[in-house]
Amino acid sequence: MAESEEEVDVLVQRVVKDINSAFKKNPNIDEIGVIPCPEARYNRSPIVLVENKLGMESWCIKFLLPFVHNKLLLYRQRKQWLDREALIDITCTLLLLNADFTTAWNVRKELVQCGALNPEKDLYLGKLVLTKFPKSPETWIHRRWVLQQVLRQCRPCPQGAEHKEMGQVEQGQAQGAAQAEQLQRLLQEEMQVCSDAAGRYPSNYNAWSHRIWVLQNLARGNLKILHDELSSMKLWVSMHVSDHSGFHYRQFLLKALVGEITQAVEIPCAALQAATNQHCAHWPNEDGLVTATVPELFDDEMELCTDLIETYPGHETLWCHRRHVFFLWHHWRKEHLQSGGHPPSPLNHTDEMFGSSLDASLDRSVQAMDIDLAPDSGRQGGYTQDTKRLKRGPMQACPGLPSEHSFVTKILHSCRNTEQGRFAAAYRKWLDSVIGQ
Amino acid sequence: MGTQVKDVVIKPDSPNTLLLEKHADYIAAYGSKKDDYEYTLSEYLRMSGIYWGLTVMDLMGQLHRMNKDEITEFIKSCQHECGGISASIGHDPHLLYTLSAVQILTLYGNVSAIDVEKVVEYVKGLQQEDGSFAGDKWGEIDTRFSFCAVATLALLGKLDAINVDKAVEFVLSCMNFDGGFGCRPGSESHAGQIYCCTGFLSVTGQLHQVNADLLGWWLCERQLPSGGLNGRPEKLPDVCYSWWVLASLKIIGRIHWIDKNKLRSFILACQDEETGGFADRPGDMVDPFHTLFGVAGLSLLGEEQIKPVNPVFCMPEEVLDRIGLQPEILVPHPTHESCGGTMTRGPTHVYLSVCLSRL
């Protein structure tokens, strides 16, 4: 390391510049990484751009990081002035190297606030940082802050709406549509960012809790999105049977869906409409949305869980999932199905079975479950699950304690995997002590 | 096809005795390598780093080896106009580092070195309408910050500055069906968040709101065949999670539900015999963070060469006695002592479950 301080300064400033010109040259960079290379070999930049990948040769980091780090701190202590462009460049380089440097993210928040930094550009940096540091809590935290700023911009401005002229109203509607579209794009992008990060690091707590936050803040109460998420997650969890966070997300979706469907059943239609509009003003109404009944949702989830437990023995995550799903079902059933005291009679209202709108009555959920029990129920709805349900025969119904116990017994009898036996026994104990009280 | 349990194997030649002197030397030398690239990389959490180092030194009876005046001056220069304290000079203030700073000054018995009233104002100002706490002025909400807020105030004797009832309400809204807690309502249970939430409920005297048997069960299930504890299902065991799970169990009176000897062996195996210090897992690189939680964990397990540690504040009990702070701890449940008993509910840690599967 014979480099003098001045030489290092020159080198580092070159590298910061190279990084930023790489971004200008290719605005579609989608991944960053370090290229292991302990020594500078040629007289060339350590910044390498290949297709959409930005690489940094490892030898330069030990010079680069302290330089940008100190520069930003000097600025923060008002000992050195940096203009906005320089701040954007320096924080970018810094965060690509040290994603949890909170203060650097805060500097960018200030830049967003004063309009010097486009929030979408900032989200893009965050996305890149997550390709290298998929867990980085500060990156996720910053992301939520930026999203809130964007959301604030998206919200239609209510003042003076009544006094608008005709032309303005039309303009307002066009604007509303554009905002809804922007919101939709934003939501899709966030889901993609979460999926990528979840794929890069197993049971990525920060990625999955961010995804929950996104649903809670960008799509609260939106049945269609909850449904889409639940169905698109099915394949993902089936391919990540150890990912407790991914399964927890699924449990969250299920609980949210059950809550929404139940509410839709219990609140009169008009009130529901108002509530829906209030919660998700930006979303078009999903007329004709096919909504499964609550027992159907649970039935499908338990079936998925059984399939996975039998196919991939010895995964604690799957047994935890079973606990949570059964717990939710058990309590929902207690609250909504057994209050009347007598089981509803099956087969009487078969034709009402295919309730596809939000105002499906509570009764209908009850019947759905019981119809499942009936052989040859002759269902012909549009559900893909139906085919499966028919295939597996008529006896598979929404589970209860007895069916869960026989499931455990079956697993214990047939399995040769010690872990599987251990988890099955623990599940039985859980049923006895937590559910069976 | 069978599955490999996600766990580590402890080699027979792993360390099995406590190398206290080495650890003290390791921590004492840590701060002197200030040009280190690693040191720059971790500056954003420096205040917590100092708290980890000083606390472990105090637990080992070696606090005198650290430079009290220098550290006090450093903390003073990290307090901002708003009252909050930052991780280091030139960084932005945050609740995380405000708590670390107050913990350090409590260890040294000189909280008056900073403007205490302003700290209280800062913490108070971060409470939201729903009772939750933001970590800083930018507004991120997390149950970790609820813990930081009440722990800071309790150490300063100012818990009444905030709306405690509302704060409790928020933390309880993050409780899950498994008895655990997540970072926000609806979030997954996580041993680190559980530590924060049980610690929070202890400081605010609300532990009766916890379903101790259910939570204790989930926590015990974190123990793996190696003896180490993980933070969530199917994650690898880790010394820091061992602390968070163990401390939570201690707080809710269920520490006897896990196999203490096995855990002790796991923690000891995470020592580096050459450099001193503890790593997350046997054979990995050591750091001050895991060194504190390794030593603190052994203290909770009854290691007599280490001072007794308080499970809520992760500070020596004697320090809290000095300021007259006694956070609530649930009394151990007498009926679940071993897996041979007549339990109808309770732990299913790895060994117990094996017992069950043989029935």
Side-chain angles (χ1 to χ4, degrees), chain A residues 61-62 65-66 69-70 72-74 76-77 97-98 100-103 106 109 138 141 144-145 148 202-203 205 208-209 212-213 216 242-245 248-249 252 255-256 312-317 320 323-324 327-328 412 416-419 421-426 428-430 432-434 437, chain B residues 1-6 35 37 40-45 86-92 94 96 135-142 176-179 182-190 192-193 213-214 217-218 221 231-235 343-346 348 350 352-359:
Chain A
I61 294 174
K62 64 175 182 286
L65 178 72
H69 177 99
N70 293 331
L72 189 75
L73 289 177
L74 286 173
R76 215 52 177 160
Q77 295 169 76
L97 298 171
N98 192 2
D100 282 322
F101 193 159
T102 318
T103 305
N106 292 348
K109 290 188 187 81
E138 295 303 323
I141 288 173
R144 285 189 280 279
W145 183 87
Q148 275 170 331
S203 271
Y205 191 85
W208 290 103
S209 52
I212 289 176
W213 182 94
Q216 288 171 334
S242 289
D243 199 294
H244 191 262
S245 301
H248 173 268
Y249 180 68
F252 167 83
K255 197 175 166 187
Y312 307 101
H315 284 276
E316 190 180 5
T317 294
C320 290
R323 280 188 201 177
H324 201 166
F327 179 89
L328 290 173
L412 286 175
R416 275 162 296 161
N417 177 312
T418 332
E419 302 309 317
R422 193 152 70 73
F423 296 136
R428 185 164 63 187
K429 190 170 159 57
W430 179 84
D432 289 342
S433 49
V434 179
Q437 277 174 354
Chain B
M1 206 175 73
T3 39
Q4 199 73 41
V5 186
K6 288 161 201 74
D35 307 325
Y37 164 76
T40 310
L41 206 57
S42 61
E43 194 182 278
Y44 73 90
L45 51 70
S86 55
S88 187
I89 297 165
H91 292 245
D92 292 352
H94 197 285
L96 287 169
D136 62 11
K137 69 168 186 171
W138 300 106
E140 171 74 3
I141 303 297
D142 192 312
N176 290 323
F177 93 104
D178 51 21
C183 58
R184 283 180 294 273
S187 295
E188 183 188 1
S189 294
H190 180 290
Q193 307 286 153
D213 284 338
L214 193 61
W217 179 333
W218 190 90
E221 285 182 316
R232 278 177 293 150
E234 296 200 62
K235 300 284 275 186
M343 284 179 302
T344 52
R345 54 203 293 205
T348 52
V350 54
L352 176 63
S353 302
V354 171
C355 297
L356 282 166
S357 61
R358 290 197 194 112
L359 292 177

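All values below come from the heavy atoms of this structure, side chains included, with hydrogens, waters and symmetry mates left out. The chains referred to below are lettered A, B, ... by the order of the sequence lines, with proteins before strands, and numbering in each begins at 1.
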One option among A:Ser209, A:Ser242, A:Ala256, A:Pro202 has the most heavy-atom pairs under 4.5 Å with chain B, and it is A:Ser242
Distance-only polar pair, side chains of B:Asn176 and B:Glu188, donor-acceptor under 3.5 Å: no
Ranked by heavy-atom pairs below 4.5 Å to chain B, first place among A:Leu65, A:Ile212, A:Thr102 goes to A:Leu65
Can a salt bridge be assigned to the pair B:Glu221 and A:Arg422 using a cut-off of 4.0 Å between side-chain N and carboxylate O? no
Relative to chain B, which of A:Arg76, A:His244, A:Gln77 shows the most heavy atom pairs under 4.5 Å? A:His244
Largest heavy-atom contact set with chain A, pairs under 4.5 Å, which of B:His190, B:His94, B:Lys137: B:His190
Report yes or no: does B:Glu234 contribute a side-chain atom to a donor-acceptor pair with the main-chain N or O of A:Thr317 at less than 3.5 Å? yes
With salt bridge (charged side-chain N to carboxylate O under 4.0 Å, His left out) as the criterion, how do B:Arg232 and A:Glu316 come out once you've worked through the C-alpha distance, each side chain's angles and the decisive distance to 0.1 Å? CA-CA 10 Å; B:Arg232 278 177 293 150; A:Glu316 190 180 5; over 6 Å; no
Report yes or no: does A:Tyr205 contribute a side-chain atom to a donor-acceptor pair with the main-chain N or O of B:Cys183 at less than 3.5 Å? yes
Which atoms of A:Leu74 are under 4.5 Å from chain B, going by heavy atoms: the side chain, the backbone, both sets, or neither? neither
Using non-hydrogen atoms only, which part of A:Gln216 is less than 4.5 Å away from chain B: side chain, backbone, both, or neither? side chain
Which bit of B:Ile89 comes within less than 4.5 Å of chain A, counting heavy atoms only: side chain, backbone, both or neither? both
Residue part contacting chain A, namely of B:Asp142, when any heavy atom lies under 4.5 Å: neither
Parallel, tilted or perpendicular: ring planes of A:Phe327 versus A:Trp430, cut at 30 and 60 degrees: tilted
In terms of heavy-atom pairs under 4.5 Å, which option from A:Phe252, A:Phe101, A:Trp213 contacts chain B the most? A:Phe101
Looking only at side chains, do B:Lys235 and A:Ser203 share a donor and an acceptor under 3.5 Å apart? no
Using a cut-off of under 4.5 Å for heavy-atom pairs, which of B:Pro185, B:Ala87, B:Ser187 has the most such pairs with chain A? B:Ser187
